[in-house]
Amino acid sequence: MPTIETALTRKLGITHPILLAPMGSAAGGKLAAAVTNAGGLGLIGSGYADAATVSRELLAAGNARVGVGFITWALDAKPEALRAALDAKPAAVMLSFGNPEPYAAQIRDAGSKIICQVQTLTEAEQAVRLGADVIIAQGRDAGGHSGTTRGTMGFVPAVVDIADKIPVVAAGGIADGRGLAAVLSLGGSGVSMGTRFTATRESLWDDAMKSRVIGSGGDQTAQTRVFDIVRGAPWPAQYPGRALRNDFYQRWHGNEEQLQAQRADAEKGYLATRPDDFSARVIWAGEGVDLVRDVPGAAELIERIVAEAASVLMRGAELVR
Ligand SMILES: Cc1cc2nc3c(=O)[nH]c(=O)nc-3n(C[C@H](O)[C@H](O)[C@H](O)COP(=O)(O)O)c2cc1C
């Protein structure tokens, strides 16, 4: 199997420049361990900074060297969740969607790498200033929550230009080896993938959700706040979530104030639907969902992506005269 060595693989001591994005509902310890054992780095999703989730999923990861990701504004309300993670000496802690500054020293002192996922150049500059080990440039193509302005293609090289020697990882819309090769061409050092990993054997998602993802395309996704509003998740308005559009989305998107006004009833109705009623229930998915067509094991997927990226890069080299 080919390997692609980058500033990211050297910084994190991994074999392949692939990170499992820390996804609240999908990236548990089992999937994170599978990604790490296959040569990437698995990041466990901590939900809304839930210490019990962190401890449970770190246990599920066994002895694998994994990291943990936090939604920073949620961590602000429950900082004890970071302690639960650091006690296990994770390889890295990822912070996204808020101010990482208050947590940097604690993470560094615990011997973990600091990964900042950013949505704007201003945030990227802040990550450089605080000495992040890795910066993830997340475009609005991403599944789940992201910013609203930057697409991955334009954002990644702009972050590379200000990151100096800090490895920059791309997130948003990357689901195969072509995407990895493209990111390396943009000056990035690796990829963080969420949507692609939701449909793997080790993902926490059930078969119905995985099937839904496989049967869907990027045209069906949209950024919206309606699923957060109905569940009472206090996401700052600048971070909508990209999900599959469904009946619930059609009913409420554009009518967010009305939904907020009748939230209690709306939530009751939402929770009364069956978990596999995807006309109501949310499935977070990014534009790269076009490329998700099967449910492989994480190791097979990583092997496939690296082999394809290597082949794309070598083909490109042959074309240069
Ligand atoms: C199902 C799902 C859940 C996610 N949950 C989180 C989360 O809890 N914390 C976080 O920082 N990012 C979360 N994300 C965003 C990822 O960190 C990552 O930026 C994104 O998945 C990359 O884009 P992609 O989905 O196109 O690969 C989630 C993404 C998905 C698809």
Side-chain angles (χ1 to χ4, degrees), residues 18-28 31-32 35 40-50 53-54 57 67-75 81 85 92-98 100 115-119 123 134-147 150-153 155-156 168-176 178-180 182-183 188 190-200 203-206 209-210 212-213 216-218 221-223 227-228 231 233 235-236 239-244 278 281-292 301 305:
I18 296 177
L19 308 184
L20 162 69
M23 299 176 286
S25 59
L31 178 54
V35 169
L41 181 69
L43 296 173
I44 289 171
S46 63
Y48 291 106
D50 185 45
T53 301
V54 171
E57 296 305 330
V68 180
F70 288 99
I71 293 168
T72 317
W73 62 257
L75 188 59
V93 171
M94 192 199 95
L95 300 169
S96 185
F97 310 119
I115 304 179
C116 292
Q117 179 167 270
V118 301
Q119 290 79 28
E123 290 171 355
V134 174
I135 299 177
I136 303 181
Q138 188 204 35
R140 63 199 287 275
D141 335 35
H145 295 83
S146 71
R150 308 306 305 254
T152 306
M153 185 79 182
F155 190 37
V156 170
V168 174
V169 168
I174 300 145
D176 64 12
R178 294 172 298 179
L180 171 55
V183 168
V191 295
S192 172
M193 297 190 305
T195 300
R196 176 56 271 201
F197 277 116
T198 61
T200 52
S203 154
L204 287 174
W205 278 14
D206 61 28
M209 292 175 81
K210 292 176 190 174
R212 190 73 176 187
V213 160
S216 302
T221 71
Q223 287 190 299
F227 298 109
D228 294 326
R231 293 308 317 277
W235 276 90
Y239 304 124
R242 185 174 292 278
L244 297 179
F278 301 123
R281 296 293 179 115
V282 65
I283 294 204
W284 304 113
E287 286 191 33
V289 72
D290 291 306
L291 309 174
V292 181
L301 179 62
I305 290 172

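Residues: numbered from 1 along the sequence shown. We count ligands from 1, going down the list as the structure has it; atoms in each ligand are counted the same way.
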For each nitrogen or oxygen atom of ligand 1, which protein N/O atoms lie closer than 3.5 Å, and how far apart are they, rounded to 0.1 Å?
{"from": "ligand 1", "atom 1": "5 (N)", "to": "Gly24", "atom 2": "N", "distance (Å)": "3.3"}
{"from": "ligand 1", "atom 1": "8 (O)", "to": "Pro22", "atom 2": "O", "distance (Å)": "3.4"}
{"from": "ligand 1", "atom 1": "8 (O)", "to": "Gly24", "atom 2": "N", "distance (Å)": "3.1"}
{"from": "ligand 1", "atom 1": "9 (N)", "to": "Pro22", "atom 2": "O", "distance (Å)": "3.2"}
{"from": "ligand 1", "atom 1": "19 (O)", "to": "Gln117", "atom 2": "OE1", "distance (Å)": "3.2"}
{"from": "ligand 1", "atom 1": "19 (O)", "to": "Gln138", "atom 2": "NE2", "distance (Å)": "2.9"}
{"from": "ligand 1", "atom 1": "23 (O)", "to": "Gly172", "atom 2": "N", "distance (Å)": "3.3"}
{"from": "ligand 1", "atom 1": "25 (O)", "to": "Gly143", "atom 2": "N", "distance (Å)": "3.1"}
{"from": "ligand 1", "atom 1": "25 (O)", "to": "Thr195", "atom 2": "N", "distance (Å)": "2.9"}
{"from": "ligand 1", "atom 1": "25 (O)", "to": "Thr195", "atom 2": "OG1", "distance (Å)": "2.6"}
{"from": "ligand 1", "atom 1": "26 (O)", "to": "Gly173", "atom 2": "N", "distance (Å)": "2.8"}
{"from": "ligand 1", "atom 1": "27 (O)", "to": "Gly194", "atom 2": "N", "distance (Å)": "2.8"}
{"from": "ligand 1", "atom 1": "27 (O)", "to": "Thr195", "atom 2": "N", "distance (Å)": "3.4"}

Revision key, fill the gap. Here the pair of heavy atoms bringing Ile71 nearest to Trp235 is CD1-CZ2, 3.6 Å

Point to revise | Closest non-hydrogen atom pair, Ile136 against Ala171 | key: CG2-CB, 3.6 Å

Point to revise | Qualifying residues under side chain to side chain donor-acceptor pair (under 3.5 Å), relative to Trp73, sequence neighbours excluded | key: none

Exercise for review: Determine whether the side chains of Arg140 and Ser146 contain a donor N or O and an acceptor N or O closer than 3.5 Å.
Suggested key: no

Study note, to complete from the structure: Taking every heavy atom of Phe97 against every heavy atom of His145, the minimum-distance pair comes out as CZ-O, 3.1 Å

Review point. Between the side chains of Trp205 and Ser25, is a donor N or O closer than 3.5 angstrom to an acceptor N or O?
Key: yes

